[in-house]
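First up is the structure itself, then whatever we jot down about it.
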Amino acid sequence: MRVCFRSSVQPAVIDEYRRRHAAVWPEMLRALKDAGWNNYSLFLSGDGLLVGYLECDDFDAARARMALTDVNARWQAEMATLFENPDQAPDEGFQVLEEVFNLDRQLAAAEPSTA
């Protein structure tokens with residue numbers, strides 16, 4: 001499945017957010033991959049809008065696997081002060097967005113059947 005989510009970084013700390021993500025802890029990178037977070041990217045606008053994209057088998061299961069890791073707890077605690085709601089772990093504040101268009105699916109549906 002493809003998942004897109006949004007969140008909000010405090011505009012005053014965007015540079016710090018970028019700095020931390022330029023060198024994510026290797027243990028965190030491995031945990032994400034092992035938990036099934038594939039093709040994972042984050043996009044950040046100048047006003048603090050953060051959009052994430054990943055591919056996984058089951059997003060709830062992938063999030064649950066991350067929640068079991070010590071490194072995720074440490075990372076979320078480190079990052080929490082940079083988000084709009086510092087009282088909530090950043091990964092708990094994701095707002096999943098509905099996919100309303102997919103080029104490949106529509107192209108496949110529009111092609112005549114060869115059956």
If hydrophobic clusters are built by linking Ile, Leu, Val, Met, Phe, Trp and Tyr wherever their side-chain heavy atoms come under 4.5 Å apart, do [X] and [Y] end up in the same one?
X	Y	value
L42	W25	yes
M79	V24	yes
V96	L44	yes
L68	W75	no
V71	L29	yes

For the residue pair [X] and [Y], what are the closest heavy atoms and their distance?
X	Y	value
I14	G46	CD1-O, 3.2 Å
A80	Q88	CB-O, 4.3 Å
Q76	D91	OE1-N, 3.1 Å
F94	F59	CD1-CZ, 4.3 Å
A31	M66	O-SD, 3.4 Å
C56	G36	CB-O, 3.2 Å

Begin from the C-alpha positions of R20 and E16 and carry the test salt bridge (Lys or Arg N to Asp or Glu O under 4.0 Å) through to its verdict.
-> CA-CA 6 Å; R20 292 184 191 185; E16 178 63 15; 2.7 Å; yes
Nearest-0.5 Å distance that lies between atom [atom1] in [X] and atom [atom2] in [Y]:
X	Y	atom1	atom2	result
R65	D60	CZ	CG	10.5 Å
S8	D47	OG	CG	8.0 Å
R2	R105	CZ	CZ	6.0 Å
E84	L49	CD	CG	10.5 Å
S7	L82	OG	CG	11.0 Å
C4	L97	SG	CG	4.5 Å

### Query
Under a 4.5 Å cut-off applied to non-hydrogen side-chain atoms, are Y53 and V3 in contact?
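No, their side chains stay 4.5 Å or more apart.
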Margin query: Any non-hydrogen side-chain atom of F5 less than 4.5 Å from a side-chain atom of Q95?
Written below: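 No; the side chains remain at least 4.5 Å from each other.
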Pair E92 + R63: basic N to acidic O under 4.0 Å:
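Looking at R63 together with E92, the answer is no, because their closest N to O distance does not fall below 4.0 Å.
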(request) Check the pair E55, N38 against side chain to side chain donor-acceptor pair (under 3.5 Å), reporting the backbone distance first and the verdict last. (result) CA-CA 5 Å; E55 296 169 359; N38 300 303; over 6 Å; no
- Taking W37 for the side chain and L54 for the main chain, is one N or O donor matched with an acceptor at less than 3.5 Å?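 Absent.
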Spell out, as yes or no, whether a donor-acceptor pair under 3.5 Å connects the side chain of Q10 to the backbone of T81.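 A pair under 3.5 Å: yes.
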message: Walk me through whether R19 and D15 qualify under salt bridge (Lys or Arg N to Asp or Glu O under 4.0 Å).
response: CA-CA 6 Å; R19 185 188 68 73; D15 289 343; over 6 Å; no
When the ring planes of Y17 and F83 are compared, do they come out parallel, tilted or perpendicular, using 30° and 60° as the limits?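 Y17 and F83: perpendicular rings.
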- Kindly check if the number of other-residue, nucleotide or ligand heavy atoms within 6.0 Å of CG (D57) is above 12?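 Incorrect, the count does not exceed 12.
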